[in-house]
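Before any comments, here is the structure.
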Amino acid sequence: MALSSAVSMIRSTVLKHLRVTVTCNAHQSALPTFTNIISRGFGGGFLDKDGVTERVLHVTKHFEKIDASKVTPSAHFEKDLGLDSLDVVELVMALEEESAWKS
Amino acid sequence: MTDRRFTGLQRQVLGLYRACLRSIRAKPEEARPSLFAFARSEFERNRNISPRDIQRIEHLLRHGRKLMELLKASEAKGVIFRSG
């Protein structure tokens, strides 16, 4: 699998998921969380769940508006990390850039 | 797909913010910090408008889209922005 396909896999997973988490998810809280992002499942290929988890956590911890010590895979963007909806848009953009996805 | 958290208008606002951030990414590097700050402050300024004030929100959305189109034009290299 080429790097670009791996990257677009991250991108579509992260993008779809961070947008979709504001919708109803029968099994989990409707609030955006990392668990929602990660639980989509990444299938086979070079990307494994831990690798993507680590990258998402890394970008999030370095996000200037976030207290890195509060970042865990189950953290709620709003309740635990104090982000508002504009911040979440910014964070998604940072994750896209991390994936080196070019618009 | 039902969306319990945001109204249609809120989603348009967030979509506009995202579109603004994307177009700022295409701008020269040195211009980006002030452009990001400007975009964020414009949205912040209107944060507390009542969600029921639909006319005003739609007016602001139109205004924001026009402003974004202006800034996207290649001649526009940035804004002079002083916060506070």
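Keep in mind that the numbers below use all heavy atoms, side chains included, and drop hydrogens, waters and symmetry copies. Throughout, protein chains are lettered first and strands after them, A, B, ... in sequence-line order, and every chain is numbered starting at 1.
Considering only residues two or more places apart in sequence or on other chains, A:Asp84 meets the salt bridge (Lys or Arg N to Asp or Glu O under 4.0 Å) condition with B:Arg40, B:Arg47. Under the side chain to side chain contact (heavy atoms under 4.5 Å, CB included) criterion, B:Arg56 pairs with B:Asn46, B:Ile49, B:Asp53, B:Leu60, not counting sequence neighbours.
Contact of the B:Glu44 side chain with the A:Leu86 side chain is registered, since non-hydrogen atoms from C-beta on lie closer than 4.5 Å. Using a 4.5 Å heavy-atom cutoff, the side chains of B:Phe36 and A:Glu90 are not in contact.
Using a 4.0 Å cut-off between charged side-chain N and carboxylate O, B:Arg25 and A:Glu96 make a salt bridge.
Other residues, nucleotides and ligands contribute at most 12 non-hydrogen atoms within 6.0 Å of the NZ atom of A:Lys70.
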